[in-house]
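Okay, so here's the structure we're looking at.
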Amino acid sequence: MAPSRLSSSIKAASIKSPVKLIVLCAIGAAQADDQILQRVLVEGSRGNQLGVADAASAGSISQQELAARTVYRPGELLEAAPGLIVSQHSGEGKANQFYLRGFNLDHGTDLRTSVDDVPVNQRSHAHGQGWTDLNFLIPELAVRLDYKKGPYSAGDGDFASAGTASVVYANRLLQGVASVSAGQNGYGRALLADSLDAGQGSLLYALEVLHNDGPYTHPDDYQKLNAVLRYSAGYANNGYNVSLMAYRADWNATDQIPLRAVRDGQLARNDAIDSTDGGNSHRYSLSGGWRRTSEDSASRVNAYMIANQLDLYSNFSYFMDDPLHGDQFAQPDRRVTSGVNASHSWHQHTAGSNSATTIGIQLQNDNIFNGLLNTQARRPLAVVRRDHIVESSAALYVENSTRWNGALRTVAGARVDSYRYDVRSDRAANSGKAGDHLVSPSLSLIYGPWQTAELYANIGNGFHSNDARGATIGVDPRTGAAVDKVSPLVRSRGMELGARSSWLPGLQSSLSLYRLDFDSELSFVGDAGTTEAGRPSRRYGAELSNYYKPLKWLSVDLDLAYARARSRDEHPEGDYIPGAIEGTGQLALTVDDGGPYSGSLKLRYFGPRPLVEDNSVRSKPSLTLNARFGWKLRKGLTLELEAFNLTNRRDSAIDYYYPSQLKGEAAPVNDIHFHPIESRSLRATLVKSF
């Protein structure tokens, strides 16, 4: 809502409705603060982004819609963002696999994820660049999910080229909640969360314990302990909060297995080859945020310190490299990440227009100890490499948002990023220092002379950082052969045309057509379990998102996405990008009339992918149907039933194509390696509100 429109609305409201006046004043105070409170006026569970979003592919999902979703694991909460797929190819404690806009994002590369403005992606990680472990997420605390796609925002930097997903936690719970869940395959979960008045503010606490075996022959035995303690005072746009979070987990892993072993009867679909694969991890964090908003300005600061640890054991090639001991390897990673984000906005108002200019700074430092070891049954056999990495970055950005008149808005920005790497390796040839910097401009034009529609044009540059070890490497630590260094920062270039409409009462629709180029593609290397910098790429795509609420008690979500991904250079192997997703779809029906019963059905389509550069080997699509039923037994007491993979399909959660060697095989065999989707399972949850 523009300030000029807001002023006239306030004048009218002061005469007709004091309550409406109060709400409008609150909205006016908060509109520099990404219009958090404005969405209070929106009916339905998905916020209407007309006049708010800067692109057709940006949006916001409210607490009501998030709570209605059926999620097998916490990371699947991000699937509320249209076109985003969250999968898993290993044990439950491992970071999820993400797919968006024609990308196999591996464990989070090019999808910038944050919780309360604290970054989740981990740079120069032992297992994969941009490692995004969301297992510490507690869905009941999430009050909003904001998402954007494409490099069109000056405030977003590393890993944000395909998109961003920002989870906002509650400062205060309206009601306390205690829940107990039980399900098939050894699933059990308990949660206790509440808010207490404390001094001038509120103290929120949450404690979660979870166990899950999964449907696997060798159980995952995933054990998780999770806690949040948060003090807050004031309001979302004028206040502060301080949060402590703690997460610990350990698990076994059934990694992907070769298709040939299932076809010839050596293995069942849920079997493992190396039963000692798995890992353990912890995440401890201290963070705080402060915001001040006035009529003409807004300031925000947040700071964080995170201690992450992971010990991961994997075996993807079995007995190809070491027929005696097997090919299991360990990727330990320990780090302390600290950072500060600060921004200030100024607002200018004239008779016919208004604008806001924001300047911000982002600082981050990672102190990392990681390595790669050959192991057998989690016991070290040999050290391939060990490294101490200090990776530091600083960014300065400026962005101006101007509403020129009732029909035209623009958002223009630019950011400068500077990175410094200091790698101390166990091999002198792989030690060294490196640095890089990039300037990333962006521009968005929004045209909407209509009350029910807007048109968007977006263009911008982004980037992802490469692993610091690749920027200083001199020799392959396994063979000793000389290797080339990679560029520390890799540029992306995006453009998008889109439209958003609410022409039919209760219907919100958006359509976007995009192109995204990368100077170098990151790809997964199956036999090493890491990502490496590869060829330049280009993606075209189209996305259609619909949210329809035809009746007060019924809502329908229909999201469709298509992408074409190709390498941009000439190569005899071909120009397809292995793992690049070509299509996704989601249809969700939610029923809730406020009475004792509620329910939802979600159909998810995960499209096929090429698995090799010449497209001669492809994955098959997967289709899953999940369901949820809620029954309010009495005031404050609810029973929820959830069903996953209701039709019990035998599809793959993920597919790779690479060589491996089983015991008894004379030579490596190129084959599809897959991880099955979980078989049909049921869960029941008893929720007590107080």
Side-chain angles (χ1 to χ4, degrees), residues 94-95 106-107 109 121-131 133 274 276-282 306-317 320-322 324-338 364-393 419-436 465-489 522-533:
K94 191 174 181 181
D106 196 47
H107 296 290
T109 307
N121 303 76
Q122 297 179 41
R123 310 187 295 198
S124 299
H125 191 269
H127 185 73
Q129 180 69 340
W131 175 268
D133 184 353
D274 192 334
T276 65
D277 287 352
N280 61 79
S281 68
H282 72 234
I306 314 165
N308 278 296
Q309 171 266 323
L310 173 71
D311 288 304
L312 185 65
Y313 300 89
S314 308
N315 187 345
F316 300 142
S317 52
M320 184 175 73
D321 298 324
D322 189 339
L324 178 62
H325 301 101
D327 296 351
Q328 188 185 75
F329 57 92
Q331 293 170 303
D333 190 286
R334 290 165 175 81
R335 68 182 60 214
V336 174
T337 301
S338 55
Q364 182 174 329
N365 181 77
D366 291 271
N367 190 15
I368 308 164
F369 294 85
N370 60 24
L372 177 63
L373 292 77
N374 294 329
T375 59
Q376 182 182 22
R378 303 195 186 189
R379 296 190 303 272
L381 297 176
V383 175
V384 180
R385 69 178 299 169
R386 289 188 184 273
D387 301 275
H388 176 205
I389 305 165
V390 178
E391 182 170 345
S392 304
S393 65
Y419 277 63
R420 289 187 60 82
Y421 299 156
D422 186 353
V423 179
R424 300 179 184 180
S425 184
D426 55 357
R427 286 182 178 234
N430 290 334
S431 299
K433 297 182 179 180
D436 203 354
S465 60
N466 273 328
D467 192 302
R469 293 167 294 180
T472 63
I473 194 169
V475 298
D476 186 317
R478 288 190 182 275
T479 65
V483 295
D484 295 329
K485 296 178 174 63
V486 300
S487 174
L489 302 181
L522 283 177
S523 58
F524 177 78
V525 183
D527 57 356
T530 56
T531 52
E532 67 177 18

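- Counting heavy atoms from C-beta on, the side chains of Gln309 and Asp311 come closer than 4.5 Å.
- Between atom CZ of residue Arg334 and atom CG of residue Asn367 there is a gap of 13.5 Å, rounded to the nearest 0.5 Å.
- In this structure, CG in Asn365 is found 11.5 Å from CZ in Arg420, a value given to the nearest 0.5 Å.
- Residues Gln331 and Asn370 bring no donor and acceptor atom of their side chains to less than 3.5 Å of each other.
- Among all heavy-atom pairs drawn from Asn315 and Gln328, the shortest one is ND2-N, 3.4 Å.
- Across all non-hydrogen atoms, the minimal contact from Pro477 to Arg427 is O-NH2, 3.3 Å.
- A salt bridge links Asp467 with Arg469: the closest approach of a Lys/Arg side-chain nitrogen to an acidic carboxylate oxygen falls below 4.0 angstrom.
- In this structure, the side chain of Gln129 engages the main chain of Ser465 through a donor-acceptor pair within 3.5 Å.
- Remark: Arg385 CZ is packed, more than 12 non-hydrogen atoms of other residues, nucleotides or ligands lying under 6.0 Å away.
- Relative orientation of the His107 and His127 rings is tilted, given thresholds of 30° and 60° on the angle between their planes.
- Of the possible polar contacts, one joining the Ser431 side chain to the Ser425 backbone as a donor-acceptor pair under 3.5 Å is found.
- Side chain of Arg378 to backbone of Tyr313: no donor-acceptor contact under 3.5 angstrom is found.
- Contact record, Ala126 with Gly371: CB-O, 4.2 Å, taken as the closest heavy-atom pair.
- At distances below 3.5 Å, at least one donor-acceptor pair connects side-chain atoms of Asp322 with backbone N or O atoms of His325.
- Atoms OG1 and CZ, on Thr276 and Arg379 in that order, are 8.5 Å from each other to the nearest 0.5 Å.
- A donor-acceptor contact closer than 3.5 angstrom is absent between the side chains of Ser393 and Gln364.
- Residues that satisfy the ring-ring contact (aromatic ring centres under 6.0 Å, His included) test with His388, not counting sequence neighbours, are Phe369.
- Separation of atoms CG (Asn280) and CG (Leu310) is listed at 7.5 Å; rounding is to 0.5 Å.
- Nearest heavy atoms, Ser124 versus Ala468: OG-N, 2.9 Å.
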Side chain to side chain contact (heavy atoms under 4.5 Å, CB included) between Asp333 and Ile368, intermediate numbers included: CA-CA 7 Å; Asp333 190 286; Ile368 308 164; 3.9 Å; yes
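- Heavy-atom minimum distance, Asp426 versus Val384: OD2-O, 4.3 Å.
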Residues Arg478, Leu372; criterion side chain to side chain contact (heavy atoms under 4.5 Å, CB included); working and verdict: CA-CA 10 Å; Arg478 288 190 182 275; Leu372 177 63; 3.9 Å; yes
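- Formation of a donor-acceptor pair under 3.5 Å by the Arg335 side chain with backbone atoms of Ile389 is not found in this model.
- Glu391 places no side-chain N or O within 3.5 Å of a backbone atom of Tyr419 that could act as its donor or acceptor partner.
- Here the straight-line distance linking atom CG of Asp366 with atom CZ of Arg123 works out to 4.5 Å at 0.5 Å rounding.
- Atom-to-atom distance recorded for Leu312:CG and Phe329:CZ is 7.5 Å, nearest 0.5 angstrom.
- In plain terms, the two heavy atoms of Ser314 and Asp277 that are nearest each other are C-OD1, 3.7 Å.
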Derivation of the side chain to side chain contact (heavy atoms under 4.5 Å, CB included) call for Asn430 and Val423: CA-CA 8 Å; Asn430 290 334; Val423 179; over 6 Å; no
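- Although no hydrogens or angles enter the test, the distance criterion places a donor-acceptor pair under 3.5 Å between the side chain of Asn121 and the main chain of Gly130.
- Between the Asp327 side chain and the Asp321 main chain, a donor and an acceptor come within less than 3.5 Å of each other.
- Side chain of Asn466 to backbone of Ser487: a donor-acceptor contact under 3.5 angstrom is found.
- Here the side chain of Asp422 pairs no donor or acceptor atom with the backbone of Val390 at under 3.5 angstrom.
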